[in-house]
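Please read all numbers here as calculations on a predicted model, not as lab measurements. Read the numbers this way: they start at 1 and go in the same order the structure lists the ligands and their atoms. The residues of the chain are indexed from 1 along the displayed sequence.
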Amino acid sequence: MSIKDLRVNGKRLQESLEAMGKIGATPGGGVQRLALSDEDKEARDLFCSWLKEIDCEVTIDEMGNIFGRRPGKNRDLPVVMSGSHVDSQPKGGRFDGILGVMGPLEVLRTLHENNVETERDIVIVDWTNEEGSRFAPAMVSSGVWVGKLELDWAYNRTDINGKTQGEELERIGYKGDAPAKAFPIHANYELHIEQGPMLEAEGKTIGAPKGVLCLHWYDIYLTGTANQVGPTPMAGRNDCLLAAAEMIQTVNKVAHIKGDMVATVGELHNYPNSRNIIPDGVHFTVDIRSWEDEHALGAWDLMETEFQTIADRHGTPIKMETTWRVERAPFNDALVNNVLDASEELGYSSLYMVSGAGHDCSYINQIAPAAMIFVPSKGGRSHVEVEESSWDDCEKGANVLLQCMLKSANEV
Ligand code: HGY
Ligand code: MN
Ligand code: MN
């Protein structure tokens, strides 16, 4: 059979996704597999066992990234890589990330059972903590791997309970010995759900993003004066939750004024969080994204100035941290064309678009040619328990991935 006629086993892909969906399953039909949790470990262990079933060489690096390597004829050539993430959001969906690990696994299973030899080695990956929900920032492990983030800084990131990423890697047994350091990559593809409404709205099956928006993350800390709510007059309060409320309005206002961007406050902690105490501590996050990095930076300048004015007015001292910034990722034109060409040859409709969601591919793109393959998200929903993509679309996305990886793995 010509490799052009090879297709993945859609049923087997569905079964793998369903098996992973049982790990951390939530009553609302989603998953909670927070980075480095017991559920993440269980899914990692399962993924490693599946890699061994198809004779892949399995390597775990210092950031817990799991690499499954399938030898090609010429082992000295830069490899073809594909991967995503097994970790999820709290009450997340059954497709975000995991499709990008099960898809390449299905590709390798297909090559294995058809005894297909490729020129280049193929490596598939689970990148630790892509979500950045439990330990900020997102894409931290691919960021360390490409040399953009420091290993020790990443190890010391803490969750809300003060646990560090390094300790939790140790606890689940995934703090590997291999250096978290890039090896030569010929081409990198990431299969992922779109997580937005475009493909469904346009009636297209495959998305070929031209790249990923820049992502800028900030952490804001306010200090107020706690007091009994009853006897304390309104005038003269240092109510930092009220100050934060005005700042949150500002985030939304600036995003609308600037346009061509999104800006969100997704996380908010209020202390002591008792209904009859005026809050004296607030921590909230700001996430700004745009195709133009300068546009996002300009928005932050406006917010920062306004935040300081609000804090001064309320007498609530403010600390603003630039937690993380990853540049916009314009993907490699040749690889994006591979995605569009493979879709056409397979008879799938496709859409050239942009990714508003962040992905590990953003970092890999900084050191190697990279591109992504999207499949539609029903109702454009993601990071929610009702996140849903059809099995048929998952299979089609994996077929596009198969053809792209084969094409790149046979280039010498
Ligand atoms: O933030 C994102 O877009 C991704 O889920 N880490
Ligand atoms: Mn994802
Ligand atoms: Mn996500």
Side-chain angles (χ1 to χ4, degrees), residues 17 20-21 24 26 30-37 40 43 65 82-104 125-144 148-149 154 157 165 188-196 198 207 209 211-219 261-267 285-291 296 323-329 353-365 370 372-377 380-389 394 397 401:
L17 286 164
M20 284 290 183
T26 57
V31 291
Q32 176 150 317
R33 251 193 332 259
L34 292 179
L36 308 181
S37 61
D40 186 12
N65 298 314
S82 181
S84 194
H85 58 95
V86 158
D87 69 299
S88 83
Q89 288 283 337
K91 291 199 179 346
R94 291 174 295 119
F95 295 86
D96 175 5
I98 195 65
L99 175 62
V101 182
M102 295 298 102
V125 200
D126 164 34
W127 296 108
T128 298
N129 185 25
E130 185 282 341
E131 291 292 0
S133 175
R134 180 182 177 196
F135 302 99
M139 299 119 77
V140 64
S141 302
S142 50
V144 169
K148 283 288 180 152
L149 299 175
R157 304 300 294 166
Q165 201 150 221
N188 179 75
Y189 296 96
E190 182 169 355
L191 173 63
H192 206 285
I193 55 172
E194 177 203 344
Q195 301 183 288
M198 296 283 286
V212 178
L213 302 184
C214 74
L215 283 79
H216 295 175
W217 281 13
Y218 303 93
D219 281 85
M261 69 167 45
V262 288
T264 315
V265 173
E267 190 175 336
T285 62
V286 178
D287 173 311
I288 305 174
R289 305 186 187 195
S290 170
W291 183 247
T323 305
W324 174 61
R325 285 177 177 152
V326 59
E327 300 81 356
R328 149 180 110 191
M353 58 192 294
V354 173
S355 175
H359 301 286
D360 292 302
C361 210
S362 284
Y363 273 126
I364 312 306
N365 182 64
M372 293 191 74
I373 301 159
F374 277 176
V375 296
S377 293
R381 301 296 306 280
S382 182
H383 281 192
V384 289
E385 292 174 292
V386 296
E387 179 184 280
E388 180 84 33
S389 292
C394 290
L401 179 66

Is there an N/O/S atom in Asp96 that lies less than 2.8 Å from the Mn ion (ligand 2)? yes
Is any side-chain heavy atom of Cys394 less than 4.5 Å from a side-chain heavy atom of Phe95? yes
Does any donor atom in the side chain of Thr285 or Asp219 lie under 3.5 Å from an acceptor atom in the other side chain? no
Glu130 near the Mn ion (ligand 3) via N/O/S, less than 2.8 Å: no
From Asp360, Asn365, Asn129, residue fulfilling side chain to side chain donor-acceptor pair (under 3.5 Å) relative to Ser142: Asp360
Taking every non-hydrogen atom, the tightest pair across Met139 and Val326: CE-CG1, 4.0 Å
Among Val125, Thr128, Asp40, Asp96, find the one that has a side-chain contact (heavy atoms from CB on, under 4.5 Å) with His85. Asp96
Measure up the Trp217 and Trp324 rings against each other and bin them: parallel (under 30°), tilted (30 to 60°), perpendicular (over 60°). perpendicular
Between ligand 1 and the protein, which N/O pairs are shorter than 3.5 Å?
{"unit_1": "ligand 1", "atom_1": "1 (O)", "unit_2": "Arg289", "atom_2": "NH2", "d": "2.7"}
{"unit_1": "ligand 1", "atom_1": "3 (O)", "unit_2": "Arg289", "atom_2": "NH1", "d": "2.8"}
{"unit_1": "ligand 1", "atom_1": "3 (O)", "unit_2": "Arg289", "atom_2": "NH2", "d": "3.3"}
{"unit_1": "ligand 1", "atom_1": "3 (O)", "unit_2": "Gly358", "atom_2": "N", "d": "2.8"}
{"unit_1": "ligand 1", "atom_1": "5 (O)", "unit_2": "Glu131", "atom_2": "OE1", "d": "2.9"}
{"unit_1": "ligand 1", "atom_1": "5 (O)", "unit_2": "His383", "atom_2": "NE2", "d": "3.1"}
{"unit_1": "ligand 1", "atom_1": "6 (N)", "unit_2": "Glu130", "atom_2": "O", "d": "3.4"}
{"unit_1": "ligand 1", "atom_1": "6 (N)", "unit_2": "Glu130", "atom_2": "OE1", "d": "3.4"}
{"unit_1": "ligand 1", "atom_1": "6 (N)", "unit_2": "Glu130", "atom_2": "OE2", "d": "2.9"}

Vertex the Mn ion (ligand 2), arms to His85 NE2 and His192 NE2, rounded to 10°: 110°
To the nearest 10 degrees, how large is the angle at the Mn ion (ligand 3) between His383 NE2 and Glu131 OE2? 110°
Going by atom types alone, do Glu190 and Ser84 pair a side-chain donor with an acceptor below 3.5 Å? yes
Side-chain H-bond candidate by donor/acceptor type, Glu194 with Ser377, under 3.5 Å: no
